[in-house]
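Values reported hereafter were calculated over all heavy atoms of this structure, with side chains retained and with hydrogens, waters and symmetry mates removed. Each chain gets a letter, A, B and so on, in the order its sequence line appears, and its residues count up from 1.
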Amino acid sequence: MTLDYAFLLMQAYRRMLAVFGELDWWPGDSPWEIMVGAVLTQNTAWSNVQLAIANLKAYNMLAASAMSAAPDEQLAELIRPSGYYRQKTKKLKALTAFFQQEYDSSIENMCAEELPVLRDKLLGVYGIGPETADSILLYALGKPVFVIDAYTKRIFCRHGFFPETYTYYDIQDFFERRLPVDVRLYNEFHAQIVYTGKQYCRSRKPRCTGCPLEGFDCA
DNA sequence: ATCCTGCGGA
DNA sequence: TCCGCCGGAT
C-alpha cells in the first residue's frame, strides 16, 4: 500500500511538539513588527534581528510612517546588527511604501484582500520572495499558508518524504494538500521544524541521537 | 570556518 | 545557476 503521508506528517509534528512544547511563534508585538522582522531575518540569525528591532523601537522608527520618512543612512545604521543592512534598507522601504500606498497602513485592509491576490502583490514587492511572503501571510496576518524553509526541506528529505529536487512550491503543496487547513497547526508546525533543524538536523553534523524524529523514516 | 526563520540580479 | 549582500554566534 502507499504510505499515508498525512498520518506520518502529523506524527512527526506530534513528536516534536511533545519534546519541545509550544514555541510561541512569531515573536513580535504587532503584525507590522512581524512583517519587518520577516524581512530582517532573511538569511540571518534571529538574535541579530532582535537587536535591529530593538534599535528601531528605541528610536521610534518601527512605525511605517517613521520608517518611510527616515533617510536611508539612518535606517541602515539602526538595522545594522541584522546584516545585509544596505539591501535590507531598500527592502524595508519597499515594504513600507507598499503597506502605505496599497493598504493605507492598515492591517485590516491588507487582511481583507483575497489571499491569492495578496500573495501575488507581496511577491511583487522588492525584497519579498516566497518564504518571506508566506511568513507574513501566516504569522502577521493569520492566513492558512504553510511556510517552507531550508529546514523543512532538509528534515523531510532526510526522512524520505520527498526528493532533494523538490522546489519550494512542490514542498508547500506536499504539506498543504495533506494537512488540515489550520492556521494554528501551520504556525506551530513550522516553529517546531525550525527548532528541530537548528538544534538537531543541522546541515553539517546532524545530531540524530536524541532528535525527536530519530528513527522516523518513510521506507 | 560555518551558519543563520533569502532575495535580487546577472 | 551562481553570486553579492552582511553582522554576530558557535
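The main-chain N or O of A:Leu23 is found under 3.5 Å from a side-chain atom of A:Glu188 such that the two form a donor-acceptor pair.
Under the side chain to side chain donor-acceptor pair (under 3.5 Å) rule, A:Tyr84 has a single partner from A:Asn43, A:Thr44, A:Thr89, which is A:Asn43. Residue A:Glu176 forms a side-chain contact (heavy atoms from CB on, under 4.5 Å) with just one option from A:Val145, A:Ile171, A:Ile148, and that option is A:Val145.
Annotation: proximity of residues 126-156 of chain A to DNA chain B (heavy atom, distance under 4.0 Å) is found for A:Tyr126, A:Gly127, A:Ile128, A:Gly129, A:Pro130, A:Glu131, A:Thr132, A:Tyr151, A:Arg154, numbered in ascending order. Scanning residues 184-210 of chain A for heavy-atom distances under 4.0 Å to DNA chain B yields A:Val194, A:Lys198, A:Ser203, A:Arg204.
Shown here are the side chain to side chain contact (heavy atoms under 4.5 Å, CB included) partners of A:Ala97, two or more places apart in sequence or in another chain: A:Gln101. For the ring pair (Phe, Tyr, Trp, His ring centres under 6.0 Å) test, residues two or more places apart in sequence or in another chain that qualify with A:Phe99 are A:Trp32. For A:Trp25, the ring pair (Phe, Tyr, Trp, His ring centres under 6.0 Å) partners are A:Tyr139, A:His190, not counting sequence neighbours. With sequence neighbours left out, the ring pair (Phe, Tyr, Trp, His ring centres under 6.0 Å) criterion links A:Phe162 to A:Tyr166, A:Phe174. The side chain to side chain contact (heavy atoms under 4.5 Å, CB included) test applied to A:Ser203 returns A:Arg154, not counting sequence neighbours.
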Side-chain donor-acceptor distances from residues 205-219 of chain A under 3.5 Å, at least two apart:
from, atom 1, to, atom 2, distance (Å)
A:Arg207, NH1, A:Gln199, O, 3.0
A:Glu214, OE1, A:Gly210, N, 3.2
A:Asp217, OD1, A:His159, ND1, 3.2

Can you give the donor-acceptor pairs under 3.5 Å from side chains of residues 69-83 of chain A to other protein atoms, not counting sequence neighbours?
from, atom 1, to, atom 2, distance (Å)
A:Ser82, OG, A:Ile79, O, 2.8

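Residues A:Trp46 and A:Lys198 form no side-chain contact, since every pair of their non-hydrogen atoms from C-beta on lies 4.5 Å or further apart.
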How does protein contact run along nucleotides 5-10 of chain C, one letter per nucleotide 5' to 3', with B for base contact, S for sugar-phosphate only, - for none, heavy atoms under 4.0 Å? BBBS--
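Protein chain A touches strand DNA chain B; the 5'-most and 3'-most nucleotides with an atom under 4.0 angstrom of its non-hydrogen atoms are B:dT2 to B:dG9.
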Could you write out DNA chain C as a dot-bracket string, with dots for unpaired bases, | for bases paired across to another strand, and Watson-Crick or G-U pairs counted at under 3.5 Å? |||||.||||
